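For clarity, every value in this text was computed on a predicted model and none was experimentally measured. We use all heavy atoms of the structure for the numbers below, so side chains are in, but hydrogens, waters and symmetry mates are not. Chain letters run A, B, ... following the sequence lines, proteins first and then strands; every chain starts at 1.
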There are 2 protein chains.
Amino acid sequence: MADTTADAPVCDIDGMCYCPLTGVIDTLSRKYAMQLVSIIGAHDSLRFAEIEAHLSTASTSTISKRLDEFEDAGLIDRTQYNEIPPRVEYSLTDDGDEVRTRLEPLLEWASAAE
Amino acid sequence: MADTTADAPVCDIDGMCYCPLTGVIDTLSRKYAMQLVSIIGAHDSLRFAEIEAHLSTASTSTISKRLDEFEDAGLIDRTQYNEIPPRVEYSLTDDGDEVRTRLEPLLEWASAAE
DNA sequence: TCTTATACTTCAGAGTCCAAAGCTATGGAG
DNA sequence: CTCCATAGCTTTGGACTCTGAAGTATAAGA
């Protein structure tokens, strides 16, 4: 009863447990985030309108936000070509490809279970 | 231009792409959802207060909602013991354990990258 | 001049997250 | 007989997030 550490018995188990995990997982814990990583990774690079066509249930603004967040998190590269009409291409960074690789088994199982 | 299918050139690539994937992925695409599966799976079974202790940044109501969603999705079992005070235990189903297994590589990489 | 094309941004409304307080039931202390 | 403690939630009101629809910028072509 008289313990120096008040009462915080967290992660005192044999196995592993990713308790207050933040960072990349927070970025992926948003609507369409995992699908988006998978879609970009399945191609070498994609333009905004192509992403929209693949992920037609997501709104334009949500896709735009996800792309911004991924760029901030270092998961994707955004390459802008100053042409008219403008052209922008998105592709995965090495970290982004790492995430996609580790996401693949989950997505595969989830799509088989539909 | 004169095509029977209006204009829906989706997923016409060599590799695979999980485009409008819904179901389990939607359930996992919410705050703390992936951590929650991992935490429950790391133990045989857990009580509500223990989950709260592990996931202390999440609010009570959010944890409650995630647990309901997981039960609806068939990822966890909820066992209620009618004692006073009441006792409830949560554990992964076979599907839930399958998800956890496939989630593990991602969480491991994400926690190493922190 | 009007249309087309691309890649967004802005808006209002609906839905989701938060902390804190309340609820159910029972047994024991005062 | 009233109060407190315990466990597992639900409720509340305010802040943040997602949605579809509409608007922005630029220049070539009809």
Side-chain angles (χ1 to χ4, degrees), chain A residues 1 6-10 20-22 25-37 39-40 43 45-73 76-91, chain B residues 1 6-10 20-23 25-36 39-40 43 45-73 76-91:
Chain A
M1 300 287 178
D7 48 1
V10 175
L21 192 55
T22 54
I25 293 299
D26 277 355
T27 309
L28 290 174
S29 293
R30 289 160 181 273
K31 210 164 182 183
Y32 303 112
M34 295 192 264
Q35 290 98 320
L36 193 47
V37 170
I39 288 164
I40 298 176
H43 305 253
S45 76
L46 276 183
R47 302 178 61 173
F48 194 90
E50 294 174 316
I51 295 173
E52 281 190 295
H54 280 277
L55 209 55
S56 53
T57 51
S59 69
T60 309
S61 46
T62 301
I63 292 174
S64 178
K65 253 176 271 174
R66 287 301 90 84
L67 290 171
D68 283 353
E69 290 156 5
F70 285 174
E71 205 188 347
D72 288 348
I76 62 169
D77 277 330
R78 181 182 186 278
T79 310
Q80 181 169 347
Y81 300 90
N82 289 316
E83 310 166 348
I84 297 293
R87 184 161 62 98
V88 177
E89 304 222 330
Y90 298 93
S91 57
Chain B
M1 301 287 180
D7 47 2
V10 175
L21 192 54
T22 53
I25 293 299
D26 278 355
T27 308
L28 290 174
S29 294
R30 289 161 180 272
K31 210 163 181 185
Y32 304 113
M34 295 192 266
Q35 290 98 320
L36 193 47
I39 287 165
I40 298 177
H43 304 253
S45 76
L46 276 183
R47 301 177 63 173
F48 194 90
E50 294 176 316
I51 295 173
E52 281 189 294
H54 279 279
L55 210 54
S56 53
T57 50
S59 71
T60 308
S61 48
T62 302
I63 292 174
S64 177
K65 252 177 269 171
R66 286 303 89 84
L67 290 171
D68 282 353
E69 290 156 7
F70 285 173
E71 205 188 348
D72 287 348
I76 62 169
D77 277 330
R78 181 182 187 278
T79 310
Q80 182 171 345
Y81 300 92
N82 290 316
E83 309 166 350
I84 297 295
R87 184 160 62 97
V88 177
E89 304 223 329
Y90 297 95
S91 58

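Rounding to whole angstrom units, CD of residue A:Glu83 and C1' of D:dA28 are separated by 13 Å. A straight line from CG of B:Leu67 to C1' of D:dC9 spans 10 Å, rounded to a whole angstrom. Distance, A:Lys65 NZ to D:dC16 P: 13 Å, rounded to whole Å. When the C1' atom of C:dT6 is taken as reference, atom CG of A:Asn82 falls 13 Å away, rounded to whole Å. A straight line from NZ of A:Lys31 to P of D:dG20 spans 9 Å, rounded to a whole angstrom. Look at CD on A:Glu50: it is 8 Å from P on C:dA7, rounded to the nearest Å. A:Arg47 has its CZ atom 10 Å from the C1' atom of C:dA5, to the nearest Å. Atom CD1 of B:Ile63 and atom C1' of C:dA19 are 13 Å apart (whole Å).
B:Arg66 places a side-chain N or O within donor-acceptor distance of the main-chain N or O of B:Lys31, the cut-off being under 3.5 Å. Within the 3.5 Å criterion, the main-chain N or O of A:Asp68 finds no donor-acceptor partner in the side chain of A:Arg78.
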Donor-acceptor list for residues 45-52 of chain A side chains, cut-off 3.5 Å, not counting sequence neighbours:
residue: A:Ser45; atom: OG; partner: A:Glu89; partner atom: OE1; Å: 2.7
residue: A:Glu50; atom: OE1; partner: A:Arg47; partner atom: N; Å: 2.8
residue: A:Glu52; atom: OE2; partner: A:Thr60; partner atom: OG1; Å: 2.9

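Listed pair A:Tyr32 / D:dT17 fails the phosphate criterion, with no side-chain N or O lying under 4.0 Å from OP1 or OP2. The phosphate of C:dC8 has OP1 or OP2 within less than 4.0 Å of a side-chain N or O from A:Arg78. Side-chain nitrogen and oxygen atoms of B:Ser64 include at least one within less than 4.0 Å of the OP1 or OP2 phosphate oxygen of D:dT10.
The nearest pair of heavy atoms linking A:Met34 to B:Leu28 is CE-CB, 4.0 Å.
Considering only side-chain atoms of A:Pro86, the nucleotide from C:dA7, C:dC17, D:dC18 that sits closest is C:dA7. In this structure, of C:dA7, D:dC9, D:dT19, it is D:dT19 that holds the atom nearest to the side chain of A:Ser59. In the set D:dA7, D:dC9, D:dC18, the nucleotide with an atom closest to the side chain of A:Arg66 is D:dC18. Among the nucleotides C:dA7, D:dG8, C:dA19, the one closest to the side chain of B:Ala49 is D:dG8. Here the side chain of A:Ser61 is nearest to one of D:dG8, D:dG20, C:dC17, namely D:dG20. The side chain of A:Pro85 lies closest to C:dA5, out of C:dA5, D:dG8, C:dA7.
At the heavy-atom level, A:Tyr90 lies under 4.0 Å from the strands shown only through sugar-phosphate atoms.
One finds the CG atom of A:Leu67 at 9.0 Å from the CD atom of A:Glu69 (value rounded to the nearest 0.5 Å).
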